[in-house]
Participant: 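Could you have a look at this structure, given as structure tokens, before my questions?
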Amino acid sequence: LGRKLFLKDGKLLEQLGAEIRKVIDDAGKYPVLTPLAHKLGTIVDTWQQVADHLKKVISDGQVQKAYVHAYPFMDITGDMTMAWMLLWRACTAMGKMNGDGKKKDLKFYRGQVKSAENFMGTILPVTSGKANSILEGCAAAIEIQDEEFGAK
């Protein structure tokens, strides 16, 4: 968490967001993909907000409080990346269905779109919840005292 957030002054995260936004813009060409592009765009915005929040927490000297959220942040990044790849595949499939794709592959192309729909409709809402929990900043895991575990 500490290395990646601040690597190259945070430019790597910005570049990742920019690459994802290229696919989001491309998806806007296809009405069926517009809702998916919107969902992914919302996650990218939230992801950036969470990254900025964690950088601030670390910069304020509350490193442990930030690190408590390292794993959920990794999950969010992974979910966002998977959604990006699925949207990219759906864009490619739409291009094939509307252009030079083979008729025998139409079901496969439709499946690519449905896969993206499924992921974004079932996983991204959970991803949003993880992001919101990080932004709430619960630090109970580092505030608990040894005695509070019930050991004697």
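Model, not experiment: these values are computed from the prediction.
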Participant: What distance separates Met94 CE from Asp26 CG, expressed to the nearest 0.5 Å?
Facilitator: 11.0 Å
Participant: Does any non-hydrogen side-chain atom of Val44 lie less than 4.5 Å from one of Trp84?
Facilitator: no
Participant: So which pairs with a foot in residues 112-128 pass salt bridge (Lys or Arg N to Asp or Glu O under 4.0 Å), sequence neighbours left out?
Facilitator: Lys114-Glu117
Participant: Going by heavy atoms in the side chains, are Val57 and His69 under 4.5 Å from each other?
Facilitator: no
Participant: Would you call Leu16 and Trp47 a side-chain contact if the rule is heavy atoms closer than 4.5 Å?
Facilitator: yes
Participant: Side-chain heavy atoms under 4.5 angstrom apart, residues restricted to Ile, Leu, Val, Met, Phe, Trp, Tyr: same cluster for Val126 and Met80?
Facilitator: no
Participant: My understanding is that only residues two or more places apart in sequence, or in another chain, count here; which of them pass salt bridge (Lys or Arg N to Asp or Glu O under 4.0 Å) with Asp45?
Facilitator: Arg21
Participant: May I ask whether Val32 and Tyr109 are part of the same hydrophobic cluster, defined by side-chain heavy atoms of I, L, V, M, F, W, Y residues being less than 4.5 angstrom apart, directly or through others?
Facilitator: yes
Participant: Hey, quick one: are Ile76 and Met74 part of the same hydrophobic cluster, counting side-chain heavy atoms closer than 4.5 Å, chains of contacts allowed?
Facilitator: no
Participant: Hey, quick one: are Leu5 and Val68 part of the same hydrophobic cluster, counting side-chain heavy atoms closer than 4.5 Å, chains of contacts allowed?
Facilitator: no
Participant: As a test of understanding, state which of Ile43, Asp79, Ile123 forms a side chain to side chain contact (heavy atoms under 4.5 Å, CB included) with Ser128.
Facilitator: Ile43
Participant: Taking the side chain as C-beta and beyond, is there a heavy-atom pair between Val113 and Tyr30 under 4.5 Å?
Facilitator: no
Participant: Strictly below 4.0 Å, N to O, side chains only: are Asp52 and Lys55 in salt-bridge contact?
Facilitator: yes
Participant: Is it the case that the side chain of Gln145 and the backbone of Glu143 share a donor-acceptor pair, with hydrogens and angles ignored and the cut-off at 3.5 Å?
Facilitator: yes
Participant: Would you indicate whether the side-chain heavy atoms of Asp105 and Lys96 approach each other to under 4.5 Å?
Facilitator: no
